[in-house]
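Worksheet: one structure, shown below.
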Amino acid sequence: MKRYIAILLSVLLMVQACGCSTARDLFPENTESQQDGQTTAIDEEGLKVGFLFPSNNDATDTTSHVEGIRKMQVETGLSDTQIIIKKNVTKENCSAGIDELVEKGCNIIFACDKTFETEVVDAASRYPEVQFCQEDGKKAKKSELDNMHNFYVRLYEAYYAAGVAAGMKLNDMLNRGKISSSNCVIGFVANEESPENISCLNAFYLGVGQVCSQASMMVRYVDSKGVYDDDGEAAKQLVEAGVGMMCTHVYTTAVAAVCAENDIPVVGNEVNIINAAPKEAITSAVADWSVYYTYAVDCVLNGEAIDVDWCGGYDDGAVILTQLNDAILVDGTVEKLQEIEKNLRNGKEKVFDTEKMTIDGDNLEELVGTDKDYKKYKNLVSNGEFKESSKRSAPTMEFLVDGVEVSTYDYLEEDEEESSESTTETDDEE
């Protein structure tokens, strides 16, 4: 059947603050009439696709997913009225949200937060005619449900490539005397301590190390998601600690804004951050969710089985870097990234090369054979590489490589105390 699309790929507009929204709310330029229900056959006209988002359109993760939905529509020909989005979903109201999407006729539902999985598995058992796809999940295979699926991306590959670009910038800063080898420290702001974040921050640091061996990295966990002030506070702590560069895995642009205020180069995530930091943003590591959305929707349209556990990377375009910022790039960066990305696509680049990283001074291949805490990784280590997400889509990495440390010290409070002491001394002198 001839495919069509009724949306103009233009400005992303605001989603309503609560409840379910159709894609008409996101793209009001659509003028197609509302369809009357769903046909018996699952085809382009009859299919309805539901999404569960943990946040609203102010969060960068929602923006990233919506961009994926738009691209999926172009590929599949689905109209705006066939896309139904429920946002601000929590673990507590997730089941009710799923029921609502099913009542609205959704044939496939994407749950876009790992905290939803228990409720999603339960719903999959209650609605066997509906396909359920859980992002960053672990329970699909064990559930033995034909309509339950897990998916994620090898986002760490994009962070590794971004790390190479960042490392080249660090070398330039060292050569120009803007930073010294003793304070060649990168700050990394992450929303939580989790395998998803750890695999990305380790990969970023190892990418930096490919071209700049003098760097170390200080990680700050925010322990919240999508809270602008919390992300900004963590970035300010790292600035006060003296970092010369920043990288992020958070759901706001607050870190980029802090870097712009302090003239600190920064690598973002989820979305392009050049507008937030025009002279400081290097690039962003992002997932192209449309790759999986299109794959899964096409499976439903064609009556084919969806993979129980799916994970995409550079090889299929599921992870990419956003626009490189000419205002900050070092000569040769583009050519170097072209080489790195080509090797990531063809499998020649080892992100977690066991010869190029240690954990507390030890080699990982030795640890998995001798240390009980690392034996669980044995099946992931082969041919000199830790192969993250090779056995399941969700990341498993829970260790930091040498050169990366977590910071919890309150540098801002120390600065306030020093300022107070300085004021007191001045008063005493007077």
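- Sorted by first and then second residue, the side-chain hydrogen bond (donor to acceptor under 3.5 Å, both in side chains) pairs involving residues 359-370 (not counting sequence neighbours) are T354-E365.
- Only one option out of E135, E119, E196 pairs with K114 in a salt bridge (Lys or Arg N to Asp or Glu O under 4.0 Å); it is E196.
- Dense packing is recorded around CG of N175, with more than 12 heavy atoms of other residues, nucleotides or ligands lying under 6.0 Å away.
- Partners of V102 by side chain to side chain contact (heavy atoms under 4.5 Å, CB included), not counting sequence neighbours, listed by chain and number: I98, I109, Y127, V130.
- By the salt bridge (charged side-chain N to carboxylate O under 4.0 Å, His left out) test, D288 is found to be paired with K71, residues two or more places apart in sequence or in another chain being considered.
- For S125, the side chain to side chain contact (heavy atoms under 4.5 Å, CB included) partners are D122, L145, not counting sequence neighbours.
- Residue pairs meeting the ring pair (Phe, Tyr, Trp, His ring centres under 6.0 Å) criterion with at least one partner in residues 388-410, sequence neighbours excluded, are Y374-F399, Y377-F399, F386-F399, Y409-Y411.
- In terms of the side chain to side chain donor-acceptor pair (under 3.5 Å) criterion, K378 has no residue partners (sequence neighbours excluded).
- At least one side-chain heavy atom of D410 sits less than 4.5 Å from a side-chain heavy atom of Q237.
- Residues satisfying the side chain to side chain contact (heavy atoms under 4.5 Å, CB included) criterion with N346, sequence neighbours excluded, are K342, N343, K348.
- Counting heavy atoms from C-beta outward, S390 and L380 have side chains that approach closer than 4.5 Å.
- Among residue pairs with one or both ends in residues 194-222, none qualify as ring pair (Phe, Tyr, Trp, His ring centres under 6.0 Å); sequence neighbours excluded.
- For the side-chain hydrogen bond (donor to acceptor under 3.5 Å, both in side chains) condition, the pairs that include at least one residue of residues 162-173, sequence neighbours left out, are D172-R176.
- Among residues two or more places apart in sequence or in another chain, the side chain to side chain donor-acceptor pair (under 3.5 Å) test is passed with T118 by K139.
- With sequence neighbours left out, V286 forms a side chain to side chain contact (heavy atoms under 4.5 Å, CB included) with S284, I320, T322.
- Listed by chain and number, the residues in a side chain to side chain donor-acceptor pair (under 3.5 Å) with R345 amount to none (sequence neighbours excluded).
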